[in-house]
Engineer: 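Shown below is the structure under consideration.
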Amino acid sequence: MLNLVLFGPPGAGKGTQAEFLIDSFGLIHLSTGDLLRSEIADGTELGLKAKSFMDKGELVPDEVVIGMIKSKLDNNRDAKGFIFDGFPRTVDQAKTLDTLLNDNGTPMSGMLCLEVEKEELISRLLNRGKISGRADDQNQKVIENRIAVYNEKTLPIIEYFKPQNKHFGINGMGSIEDIAERIKAVVEKL
Ligand code: ADP
């Protein structure tokens, strides 16, 4: 089983690159951002709670996203593997995922960390905001807060996984195809 974490700041291209990995390796895509947006679209209680955090560029509480991921793992017992996109985003989420996967006997295979410069992130997100209409991509203040939250709460996850030697830095600048090739080269070795 191949369990990949696609890691990197907002706008790094995680969702775009996940599409390539699904096609190439037949994995199930678990994006907490997409799952939360679908809860909002369905008008659920969970969605309502999450929206207030997402609109400000803050993280949704750990127990909410961990609950969503747990139920997805339980419902897909026969999967060939998963791509976790936008999860984990805190060290507590990382510890929980690590434990869940180890307990299932299907440990994490690797963490692919897309590295992109801040100016490029902001420009990609503002562009996406024009196309997708995502409110959190249309406000530069919210975008800057998401990047700050990433640096403060999400980046320390790298230190958590480092002792396991599962962290792979990938240059996330350049064309979508070139980045996909860089990722593929790493995944094929796993
Ligand atoms: P991006 O990577 O562009 O920020 P996402 O779609 O992954 O976009 O996430 C959008 C928002 O959803 C985040 O800013 C955050 O509020 C919330 N979110 C997504 N995943 C998580 C998570 N694992 N933990 C907490 N909040 C999350």
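Only this structure's heavy atoms are used, side chains among them; waters, hydrogens and symmetry mates stay out. Whatever order the structure lists them in is the order used to number ligands and atoms, beginning at 1. Note that this is a predicted model, so its numbers are computed, not measured.
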Engineer: Would you mind checking which non-hydrogen protein atom is closest to atom 26 (N) of ligand 1, with the distance to 0.1 Å?
Structural biologist: V60 N, 3.0 Å
Engineer: Taking only heavy atoms of M54, which atoms of ligand 1 are found under 4.0 Å from at least one of them?
Structural biologist: 11 (C), 12 (O), 16 (O), 17 (C)
Engineer: Using a strict 4.0 Å cut-off to heavy atoms of G33, name the atoms of ligand 1 that fall inside it.
Structural biologist: 5 (P), 6 (O), 9 (O), 19 (C), 20 (N)
Engineer: Looking only at protein heavy atoms, which one is nearest to atom 13 (C) of ligand 1, and what is the separation?
Structural biologist: R89 NH2, 3.9 Å
Engineer: Can you tell me how far apart CZ (F168) and CG (L4) are? Round to the nearest 0.5 Å.
Structural biologist: 10.0 Å
Engineer: Got a second to check how far H167's NE2 is from E159's CD, nearest 0.5 Å?
Structural biologist: 8.5 Å
Engineer: Crowded around I176 CD1? As in, over 12 foreign heavy atoms under 6.0 Å?
Structural biologist: no
Engineer: So, taking the atom named CD1 in I69 and the one named OG1 in T32, what distance separates them when rounded to the nearest 0.5 Å?
Structural biologist: 6.0 Å
Engineer: For atom 18 (N) of ligand 1, what's the nearest protein heavy atom and its distance?
Structural biologist: L36 CD1, 3.5 Å
Engineer: Are there over 12 heavy-atom neighbours, none belonging to K166, within less than 6.0 Å of that residue's NZ?
Structural biologist: yes
Engineer: Please report whether ligand 1 has a polar contact with D137, defined as an N or O pair separated by less than 3.5 Å (distance criterion only).
Structural biologist: no
Engineer: For Y160, which of D98, D92, T90 qualifies under side-chain hydrogen bond (donor to acceptor under 3.5 Å, both in side chains)?
Structural biologist: D98
Engineer: To check your reading of the model: name the closest protein heavy atom to atom 3 (O) of ligand 1, its residue, and the distance in Å.
Structural biologist: R128 NH2, 2.7 Å
Engineer: Of the side chain and backbone of L59, name the one, both, or neither that has a heavy atom under 4.0 Å from an atom of ligand 1.
Structural biologist: both
Engineer: Could an N or O of ligand 1 be found under 3.5 Å from any N or O of Q93, whether backbone or side chain?
Structural biologist: yes
Engineer: Output yes when the distance from some N or O of ligand 1 to some N or O of F87 is under 3.5 Å, and no in every other case.
Structural biologist: no
Engineer: Nearest protein heavy atom to atom 10 (C) of ligand 1, by residue and atom, and its distance?
Structural biologist: R134 NH2, 3.6 Å
Engineer: Examine M111 and F84 and state if one hydrophobic cluster contains both, with Ile, Leu, Val, Met, Phe, Trp and Tyr joined whenever side-chain heavy atoms are less than 4.5 Å apart.
Structural biologist: yes
Engineer: Would you mind finding which of M68, K14, R146 brings a heavy atom closest to atom 2 (O) of ligand 1?
Structural biologist: K14
Engineer: Among all protein non-hydrogen atoms, which one is nearest to atom 16 (O) of ligand 1, and what is the separation to 0.1 Å?
Structural biologist: E58 O, 2.6 Å
Engineer: Would you say the side-chain atoms of K14 pair up with the backbone N or O of G86, donor to acceptor, closer than 3.5 Å?
Structural biologist: no
Engineer: State the atoms of ligand 1, each with its element, that fall below the 4.0 Å cut-off from a heavy-atom position in T32.
Structural biologist: 19 (C), 20 (N), 21 (C), 22 (C), 23 (N)
Engineer: Which of the numbered atoms in ligand 1 are below 4.0 angstrom from a heavy atom of R37?
Structural biologist: 6 (O), 10 (C)
Engineer: As an exercise, state the distance from CZ of F87 to CD1 of I157, rounded to the nearest 0.5 Å.
Structural biologist: 8.5 Å
Engineer: Applying the salt bridge (charged side-chain N to carboxylate O under 4.0 Å, His left out) test to D137, which of R124, R37, R128, K130 qualifies?
Structural biologist: R128
